[in-house]
2 protein chains.
Amino acid sequence: MNMNQIELLRVLYENGFNLSKAADRMHVVQSAVSRQLQLFEEELGSPLLTRHGKKLTGLTPLGQKVLAQTQTMQQAKKNILSIASEYKNGDTGILHIATTHTQAKYFLPKPIRRFRDKYPKVKVYIVQSSPEHLIDFLHNGEADLAICTEKVSEDGTLVVKPCYEWHHAVVMPKQHPLASGELTLERLASCPVLTYSFGFTGRSNIEKAFENSGLTLDVVLAAADTDVIKTYVRLGLGVGLIAEMAYDAVADADLVVRNLSSLIPSSVTKIAYLRQNYLPAYGRHFIEELLEAAEDINFQ
Amino acid sequence: MNMNQIELLRVLYENGFNLSKAADRMHVVQSAVSRQLQLFEEELGSPLLTRHGKKLTGLTPLGQKVLAQTQTMQQAKKNILSIASEYKNGDTGILHIATTHTQAKYFLPKPIRRFRDKYPKVKVYIVQSSPEHLIDFLHNGEADLAICTEKVSEDGTLVVKPCYEWHHAVVMPKQHPLASGELTLERLASCPVLTYSFGFTGRSNIEKAFENSGLTLDVVLAAADTDVIKTYVRLGLGVGLIAEMAYDAVADADLVVRNLSSLIPSSVTKIAYLRQNYLPAYGRHFIEELLEAAEDINFQ
DNA sequence: GGATTTTACGCATTTCGTAAGTATT
DNA sequence: AATACTTACGAAATGCGTAAAATCC
């Protein structure tokens, strides 16, 4: 068993069990990986992959379990290189942050700015995606940290730190009827509503609030992106249910914002990373920056 | 970076950073490991080991961190071989159980007997030691499971399952004054006491009970082993504070036993194993046997 | 027939072992 | 003086690439 065989299994998995593509990915010829796979299976005494004739079709039950182990091995290898690089190069490196549009635009700017002042030689790459994919990015090594509000299941492989608590707010044009009078779920339910797509930015908490009241929300437009929602609110399509921090007092001065903290359960944005993923010192400091920025919000 | 270099670091650590011994352990000549170490350090760009001249003296900070990673890599490698072996050989293998004398003698016999009936081809090796070393056995791969009452700190690397709850009891010769009348901590404190050594079989709970009452226990003999304690109780050295399940109604019929459940906090014996250690099916079934045997005790 | 995997064989690289040299205690 | 580590060099083993054959769709 050697590193290349370990890597091969993962690369095969990521490339539809296509030996030729896996060979390309690993910068060797097909015959080489074919041979290595044979040797690996021979050593283990059982096939790792299912075949139709010669063609590889998937993992055997054994292969699935072995794949899981190879992933921790490769993570450890990656960690070793990362640790060594940290010692050699000091405060240089890349931090891959998986997050959503809302966090990237309304929460991260300040902590990232402060982080960059302290660690000018560390590059910060924001990997933006839908919440359900953020954790995947952690697992497949495309991100070091995930910052998200929903879908963070604690399965023991993740370290999850609560970051800050926030509420939703409703935004609407100034002349809208909801702009005055008491705000109730009933009145909200009577309006066309624009809000986040399923799985985005606390959408599930919005659902929950209305379900508990036996009301149905009339969502006429769902978007992943607060700016899209605000754009259509301005066009008069309805009121926007957005994260409170996504309202900008200056840029959104033409809109009325009303807090929904008493109507919709608060959401908690969390920081997550793989327990087995080594975070260099600058990564840990970045988390500290996030938590400091979060305190400003939690105690405001 | 290859597997041998990874293994080398751990073997060096386990052999006092002695290259020659490490070479023996790995069944290669010294010059080979010397060269491999150089190559590894060269690849990482910094030394892993501190040196006085040519002699290796210890790990650098980098080496310490890398060692931690190499250990997870080797664990994963071990898991792969174990998984493959499980597929090839079915219900055969070895289960290494780290535990103390008390558990081995008074709790394990029944579940092990039942387990052996179901898995006759699995060998059960009991690695007996002091509680403080049991967890070490897990970490250095000498045991798959640990069964112990004390010193199980949950640091995230362990899976800890509570197994059964039990109390201490006091045993004494039949004519002893404590054999009749109300049992109190005061009366116990007035007797010479024989009990477990520090760190053994709930000894800390005994301490706690007396400390809370402001009483001092007069321990005239401490042993790791219930049978030793009972032997000296029979010689009249004092009363024995032992685990309730260590009293055998038949063999110990010459002794009086009195329950201390109202005086000394109950202890919980736990099952622990490394989260990252792959347990074959028979290992998981063994845990089930333990938990079943535990239920008989908990609900008796 | 195009794509994919396997097999065969020679070449290149890596790793090891022997042996000698250098440093440490 | 004995033990421990490094260096040098030839030998063995390992892994790769080219090319051709076999198989799949």
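Residue B/Val28 is in sugar-phosphate contact alone, with no base atom involved, counting any heavy-atom pair closer than 4.0 Å across all strands shown. Counting non-hydrogen atoms under 4.0 angstrom, B/Arg51 reaches the backbone sugars and phosphates but no base.
Rounded to whole Å, atom P of C/dT14 lies 12 Å from atom CD of B/Gln5. Look at CG on B/Asn15: it is 16 Å from C1' on D/dT3, rounded to the nearest Å. Atom CE of B/Met1 and atom C1' of C/dT14 are 17 Å apart (whole Å). Computed from coordinates, the B/Met3 CE to D/dA13 P distance equals 22 Å when rounded to whole Å. Rounded to an integer number of Å, the gap from CZ of B/Arg35 to C1' of D/dG10 is 15 Å. The CG-P distance, from A/Leu56 to D/dT23, rounds to 16 Å in whole Å. Whole-Å rounding puts the B/Leu49 CG to D/dC5 P distance at 10 Å. Rounding to whole angstrom units, CG of residue A/Leu37 and C1' of C/dT7 are separated by 15 Å.
OP1 or OP2 of D/dT14 has not a single side-chain nitrogen or oxygen of A/Gln36 nearer than 4.0 Å. In terms of phosphate contacts, A/Asn4 brings no side-chain nitrogen or oxygen within less than 4.0 Å of OP1 or OP2 of D/dT14. At the phosphate of D/dT6, OP1 or OP2 sits under 4.0 Å from a side-chain N or O atom of B/Ser34. The side chain of B/Asn18 contributes no N or O atom lying less than 4.0 Å from OP1 or OP2 of D/dT3. Proximity of A/Gln38 to the phosphate of C/dT5: no side-chain N or O atom is located under 4.0 Å from OP1 or OP2.
Of all the heavy atoms in A/Leu108 and A/Ile126, the pair that sits closest is CD1-CD1, 4.4 Å. Nearest heavy-atom pair, A/Asp225 versus A/His101, reported as atom, atom and distance to 0.1 Å: OD1-CE1, 3.0 Å. Heavy-atom minimum distance, A/Asn79 versus A/Gln276: ND2-O, 2.6 Å.
For the pair B/Lys21 and A/Thr57, both in contact range of DNA chain D, the more 5′-proximal nearest nucleotide belongs to B/Lys21.
For a distance-only test at 3.5 Å, the side chain of A/Lys54 fails to qualify as a donor-acceptor partner of the base of C/dT6.
When distances run from any side-chain atom of B/Asn2 to the nucleotides D/dT7, C/dT15, D/dT18, the shortest one goes to C/dT15. The side chain of A/Ser31 sits closest to C/dT6 out of D/dC5, C/dT6, C/dC16. Nearest to the side-chain atoms of A/Gln30 among the listed nucleotides D/dT6, C/dT6, C/dT4 stands C/dT6.
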Open item on the list: What verdict does the ring-ring contact (aromatic ring centres under 6.0 Å, His included) test give for B/Tyr119 and B/Phe115, after you've listed the backbone C-alpha separation in whole Å, the side-chain angles of each residue and the deciding distance to 0.1 Å?
Closed with: CA-CA 6 Å; B/Tyr119 295 92; B/Phe115 174 76; 5.1 Å; yes

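Geometrically, B/Arg203 does not engage B/Tyr196 in a cation-pi contact, judged by NZ or CZ lying under 6.0 Å from the ring centre and within 45° of the ring axis.
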